[in-house]
Amino acid sequence: SSGINAEWPLRPGLDCTHPAEDKILDPSDFATYLNEKIKVAGKTGNLGTNVIIQKEGFKVNILSDIPFSKRYLKYLTKKYLKKQNLRDWLRVVASSPSTYELRYFQINQDDDDAED
């Protein structure tokens, strides 16, 4: 099998709540980026009716009736973060089997106090 399960259509999504609330990232700009970058049959700008990008609040969901890998969404998200110079601050974490979430890297601030 090619890794495609019977749970089709899959609705991979990205939850941008944390950075969007902090006004670091604009979900509608991200949705536009996906619209331009997602390839269908090897071509960008070829979404047609097969792939629909939905923005619900701070979430961006992809409705696809053709095989669409969640991993591809992660790849495109990382490219977008790199383009926006946010790759050092945000990471893409799977929060559920079909959803990714943008989280901040945890920076330990108590390292200085520990050395006595």
Side-chain angles (χ1 to χ4, degrees):
S1 79
S2 61
I4 297 170
N5 55 10
E7 294 286 319
W8 218 253
L10 183 68
R11 297 182 50 174
L14 181 77
D15 184 349
C16 315
T17 309
H18 300 298
E21 281 175 343
D22 296 340
K23 308 231 180 321
I24 291 176
L25 182 141
D26 179 11
S28 47
D29 183 48
F30 177 63
T32 310
Y33 175 84
L34 287 179
N35 238 327
E36 294 163 2
K37 296 292 180 184
I38 288 177
K39 289 187 176 181
V40 176
K43 296 187 192 83
T44 55
N46 190 20
L47 298 184
T49 55
N50 295 327
V51 179
I52 298 162
I53 296 165
Q54 255 186 356
K55 191 174 97 44
E56 298 169 21
F58 294 140
K59 288 189 172 143
V60 177
N61 292 321
I62 294 168
L63 307 173
S64 172
D65 52 14
I66 56 172
F68 187 93
S69 105
K70 181 181 161 198
R71 182 100 193 139
Y72 184 45
L73 175 62
K74 183 174 187 178
Y75 163 77
L76 288 170
T77 304
K78 285 169 137 180
K79 274 182 74 120
Y80 176 77
L81 291 176
K82 181 77 177 154
K83 190 177 145 206
Q84 303 293 327
N85 296 319
L86 295 172
R87 200 73 177 76
D88 295 338
W89 311 107
L90 293 168
R91 58 190 228 147
V92 187
V93 181
S95 56
S96 81
S98 65
T99 314
Y100 284 116
E101 179 184 353
L102 289 178
R103 291 198 190 151
Y104 292 106
F105 281 110
Q106 294 299 315
I107 295 133
N108 297 329
Q109 286 152 350
D110 47 50
D111 288 349
D112 305 330
D113 313 336
E115 293 169 31
D116 261 73

Exercise for review: Sort and list the pairs that fulfil salt bridge (charged side-chain N to carboxylate O under 4.0 Å, His left out) and have at least one residue in residues 81-96, not counting sequence neighbours.
Suggested key: none
**Study point:** Over 12 foreign heavy atoms within 6.0 Å of NZ, Lys59
**Key:** no
**Study point:** Test side chain to side chain donor-acceptor pair (under 3.5 Å) applied to Thr44 - qualifying residues, sequence neighbours left out
**Key:** none
Review point. Does Tyr72 have any ring-ring contact (aromatic ring centres under 6.0 Å, His included) partners at least two apart in sequence or in another chain, and if so, which?
Key: Phe68
Study note, to complete from the structure: With sequence neighbours left out, the residues meeting side-chain contact (heavy atoms from CB on, under 4.5 Å) with Ser96 are Ser98, Thr99
Point to revise | Minimum heavy-atom distance Asn61-Gly13, with the two atoms named | key: OD1-CA, 3.5 Å
**Study point:** Pairwise salt bridge (charged side-chain N to carboxylate O under 4.0 Å, His left out) hits with a residue in residues 36-55, at least two apart
**Key:** none
**Study point:** Separation of Ile38 CD1 from Asn35 CG (nearest 0.5 Å)
**Key:** 7.0 Å
Check your understanding: Nearest 0.5 Å, what's the CD1-CG distance between Ile62 and Leu14?
Key -> 8.5 Å
Review point. ring-ring contact (aromatic ring centres under 6.0 Å, His included): which pairs involve residues 35-65, sequence neighbours left out?
Key: none
Check your understanding: How would you list, by chain and number, every residue that makes a salt bridge (Lys or Arg N to Asp or Glu O under 4.0 Å) with Arg103, sequence neighbours excluded?
Key -> Glu101
Practice item. Could you pull out all residues at least two apart from Asn46 that satisfy side chain to side chain donor-acceptor pair (under 3.5 Å)? Key: none
Practice item. Return the set of residues passing ring-ring contact (aromatic ring centres under 6.0 Å, His included) with Tyr33 (not counting sequence neighbours), or none when no residue passes. Key: Tyr80
Study note, to complete from the structure: Rounding to 0.5 Å, atoms CG (Leu81) and CG (Leu90) come to a distance of 5.5 Å
Point to revise | Listed once per pair and sorted, the ring-ring contact (aromatic ring centres under 6.0 Å, His included) pairs that draw on residues 85-106, sequence neighbours left out | key: none
Review point. Partners of Glu21 by salt bridge (Lys or Arg N to Asp or Glu O under 4.0 Å), sequence neighbours excluded?
Key: none
**Study point:** Flag side-chain contact, heavy atom, 4.5 Å: Leu73 against Val60
**Key:** no
Revision key, fill the gap. Applying side chain to side chain donor-acceptor pair (under 3.5 Å) to Ser28 and not counting sequence neighbours gives Asp26
Exercise for review: Scan Val93, Val92, Ile24, Asp15 and name whichever one has a side chain to side chain contact (heavy atoms under 4.5 Å, CB included) with Leu102.
Suggested key: Val92
Point to revise | From CG (Asn50) to CG (Leu63), nearest 0.5 Å | key: 12.0 Å
